[in-house]
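The shown structure was predicted, so the numbers you read here are calculated from the model rather than taken from an experiment.
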Amino acid sequence: MNERQPEDPDARAREIELQMTDDERFSLLVGVLGKGDLWPLRDERIPPDVSMSAGYVPGVTRLGVPALMMSDAGLGVTNPGYRPGDSATALPAGLALASSFNPALARAAGEVIGREARSRGINVQLAGSMNLARDPRNGRNFEYLSEDPLLTGVLAAESVSGIQQQGVISTVKHFSLNCNETNRHWLDAIIDPDAHRESDLLAFEIAIERARPAAVMAAYNKVNGSYAAQNSVLLNDILKTAWGYRGWVMSDWGGTPSWECALAGLDQECGAQIDAILWGAEQFTDRLRAAYAEGRLPKERLSDMVRRILRSMFAVGIDRRGDPPEPDMDAHNKVALQIAREGTVLLKNDGTLPLASVERIAVIGGYAQVGVPTGCGSSTVVPPGGYAEVIPIGGPGLTGGTRNLYLLPSSPLEELRKQFPSAQIEFDRGLTPAEAVLVARRADAVIVFAIRVEGEGFDSADLSLPWGQDEVIAAVAAVNPNTVVVLETGNPAAMPWRDSVNAIIEAWYPGQAGSRAIAEIIAGKVNPSGRLPITFPVDLSQTPRPELPGLGEPVGTATPIDYSEGADVGYRWFARTGQRPMFPFGHGLSYTRFEYRDLVVAGGETVVAGVDVVNAGNRAGADVAQLYLIGAPGGRRLRLLGFERVDLKPGQSRRVSIEADPRLLADYADGAWRITPGSYSVAVGASAAAFAFTAEVELAGRAFGR
Ligand code: BGC
């Protein structure tokens, strides 16, 4: 092992940067995409002995600066055709992780990714996907965490820390407002700058201060008229100055529209070959050098770019890596299983679940005889043993080729057979309502699996399920009162049949062990405990943008999206507009029952609340106690102030104590957070729409931060 002692990373970065030639400096500023399914050419800048991945940046051997080997992403170490035969643990969707409301599990997920990255020689993991879920059609919501800044920031921080503890750099991405995929390179996210600070930027601020990610990836889109990678307000003023961020900012792949991005705070161009296609040239190679030669890029800025990259390398210790131990893939599978167990959400249950003594079960649809779906795009992970099946879907745009139905083993049908060994289980593919009904009619209970392919590069046109699945479910429910629907989606679904089925489970994209978790929950071996990290609207008319700008427009069409909801994302929007969603944020049922007792709340500088959570039912289970702000001096206002997941045996109770981050009680205005003095109402409850107790507290007025 070559374990050198960590030193002050800034001092070392300064010292090494001073010894560099300009060629060496510039070499650190450009990352190139490896040869694989996405980019079929081998770039000659990648030496022959280097294995392929999403990004390569040469090191400076004479100064002990390692090359950067970058890999996607946040749900495992991906391999779209880079390294033949290489697979990795395929974790559940980010939404599943967030549904657990369990920071320790996010840490464990990060550790899995970090260990597997490191064992492959990857030292930069393009993880920390954390844009807020502002739109239920967004193709990448599955990769992200939630609609709430606190939940998102806390969980992203834990997973980034888990990765970096393994000696692997992690990003947080995509900074900021990459909240829709439609025409993403030409999307202009319009938002009130203060509301931005209170929402998406607050999530990043929380994650960055807690985890100190070594790199931040800028978004593809514009923010208020200027590309995220050349947005000096975002990068220089907020990230680097107001927050004092000391790591480096890399572009997304093909997200460097000009060399001037360097002046706006971008430190590294990544996926440079894609810039050549989209913007006519690589920007940080010849163009940036020319700007430097002509004095348009100051020497101090060049040094700063390099030092930021170096200090991050040294802070995380990627230059001190010894030989990593072989990852324990069984232990990693257990983490994937645990996320699926804790992240599956029981949305509705009129009594069919858990399925007890049934003789005949019909399983219908969703490729349940093959496997479970996973989202597509740069985060798709090849699981150990490979995909169970890949069904090409295709589509327009740059990412059309990556639009596939990827199915991960094992199959839900197989896992249900394990849980119900003495039942007679019949399977129907769910191709037509008429056929499905034949099987459903003769069963004691029906389990319908319903899927939707969602992914990077495209948004869903609406919330319906494709391929006639809504019609199949409606027909089955009409002939069998014990119909259970298992949704495997990356977003809310319309569910026109919701009143006629008995139970609904949202399993998201549940990862490589997801089938087992679903079967265990149906059988009652695992008590469901997931809570929704995003609001499920009744339909799109309830959302801020019933029509999605740019949908159906040709690739390349300028697409301004006015995020006019500002900081009132998700459940906050529903509170502001007085609407009732189909299922609220924080909602999720259990096979036991929880009660809250003795809420005590103190005010002053911030809100501190204590409450007893009691398991009043007769099964062990986990609750997620949620503390909300429901009223402020200016009027009604809903914000999640804190949460805690507690595992409780029947009859057991636990006191939970939550101290609110004062930024959640404040408004961001005139360059600072401001708490208006006066009376605030808070509530504890089981969702953003089910409060058990409310209390009033007095807060002192103050301004803080910047
Ligand atoms: C995605 C990033 C990803 C990068 C590298 C981009 O298309 O937006 O999230 O890390 O590709 O593969």
*Check step by step if salt bridge (Lys or Arg N to Asp or Glu O under 4.0 Å) holds for D148 and R639.*
CA-CA 8 Å; D148 180 72; R639 288 181 179 182; over 6 Å; no
*Starting at OG of S159, measure out to CZ of R107 and round the result to the nearest 0.5 Å.*
9.5 Å
*Which pair of non-hydrogen atoms, one from I208 and one from P213, has the smallest distance, and what is that distance?*
CA-CD, 3.6 Å
*Are any of the side-chain heavy atoms of N224 and I191 separated by less than 4.5 Å?*
yes
_Under a 3.5 Å cutoff, is there a donor and acceptor pairing between the side chains of T182 and D459?_
yes
*Check G455 against F142 and note the closest heavy-atom contact, atom names and distance.*
CA-CE2, 3.8 Å
*asked:* Using the rule given for side chain to side chain contact (heavy atoms under 4.5 Å, CB included), can you reason through Y628 versus Y571, listing the C-alpha separation, both sets of side-chain angles and the distance that settles it, and then say yes or no?
replied: CA-CA 11 Å; Y628 291 92; Y571 66 87; 4.3 Å; yes
*Where the side chain of H587 meets the backbone of L347, is there a donor-acceptor pair that is under 3.5 Å apart?*
yes
*Would you say the side-chain atoms of R702 pair up with the backbone N or O of E605, donor to acceptor, closer than 3.5 Å?*
yes
*asked:* Under 3.5 Å, is there a donor on one side chain and an acceptor on the other for H174 and Y144?
replied: yes
*Starting from the C-alpha separation in whole Å, work towards a yes-or-no answer on side chain to side chain donor-acceptor pair (under 3.5 Å) for S564 and D562.*
CA-CA 5 Å; S564 55; D562 191 356; 4.8 Å; no
*Would you call E565-R572 a salt bridge at under 4.0 Å N-O?*
no
_Cationic N near anionic O, under 4.0 Å, R674 to E198_ = no
*In Å and rounded to the nearest 0.5 Å, what is the CG to OG distance from L532 to S687?*
9.0 Å
*Before accepting this row, confirm whether a basic side-chain N of the pair E547/R545 lies closer than 4.0 Å to the acidic partner's carboxylate O.*
no
*Where P136 and L540 come nearest, the two heavy atoms and their spacing*: CG-CD2, 3.9 Å
*State whether E644 and R655 are salt-bridged, where the test is any N-O pair (Lys NZ or Arg NE/NH1/NH2 against Asp/Glu carboxylate O) under 4.0 Å.*
no
_Lys/Arg N to Asp/Glu carboxylate O, R140 vs E456, below 4.0 Å_ = yes
*Beyond-backbone contact of N618 with R593, side-chain heavy atoms, under 4.5 angstrom*: no
*Using the benzene-type ring in the case of Trp, are the ring centres of F175 and F204 under 6.0 Å apart?*
yes
*Of the non-hydrogen atoms in V372 and E488, which two are nearest, and what is the gap between them?*
CG1-OE2, 3.1 Å
_side chain to side chain donor-acceptor pair (under 3.5 Å) between N527 and S590, intermediate numbers included_ = CA-CA 6 Å; N527 193 347; S590 166; 3.2 Å; yes
_Please find the pair of heavy atoms, one from R580 and one from F574, that lie closest to each other, and give the distance._
C-CD2, 4.2 Å
*asked:* Can you give me the closest heavy-atom contact between S529 and R645, atom names plus distance?
replied: OG-NH2, 3.0 Å
*May I ask you to check whether D135 and N138 show a side-chain donor-acceptor distance below 3.5 Å?*
no
_For the CH2 atom of W573 and the OG1 atom of T535, what is their distance to the nearest 0.5 Å?_
12.5 Å
*Would you check if there is a donor-acceptor pair between the side chains of D462 and S464 at a distance under 3.5 Å?*
yes
*N/O donor-acceptor pair under 3.5 Å between K649 side chain and G621 backbone*: no
*From T559 atom OG1 to L187 atom CG, the distance as rounded to the nearest 0.5 Å*: 6.0 Å
*asked:* When you measure from the centre of the six-membered ring of F101, is the NZ or CZ of R531 closer than 6.0 Å and no more than 45° off the axis?
replied: no
_Backbone of A669 reached by a side-chain donor or acceptor of D194 within 3.5 Å_ = no
*Taking atom types as modelled, is there a side-chain donor on N502 or T483 under 3.5 Å from an acceptor on the other?*
no
_Note, V486 side chain near T344 side chain (heavy atom, < 4.5 Å)_ = no
*How long is the span from the CH2 atom in W508 to the CG atom in L97, to the nearest 0.5 Å?*
12.0 Å
*Less than 4.0 Å between a side-chain N and a carboxylate O, is that true for D470 and R498?*
no
_Please check this pair: side chain of D192 against backbone of H196, looking for a donor-acceptor N/O pair closer than 3.5 Å._
no
*asked:* Under a plain distance cut-off of 3.5 Å, with no hydrogens placed, do T592 and N615 share a side-chain donor-acceptor pair?
replied: yes
_Flag for E696-S681: side-chain donor and acceptor within less than 3.5 Å_ = yes
*CZ-CG distance between R637 and L665, expressed to the nearest 0.5 angstrom*: 8.5 Å
*Can you tell me if E454 and T489 form a side-chain donor-acceptor pair at under 3.5 Å?*
no
*Do R134's NZ or CZ and the ring of Y563 fall within the cation-pi criteria of under 6.0 Å and 45°?*
yes
*Have N102 and E342 got a donor and an acceptor in their side chains that come within less than 3.5 Å?*
yes
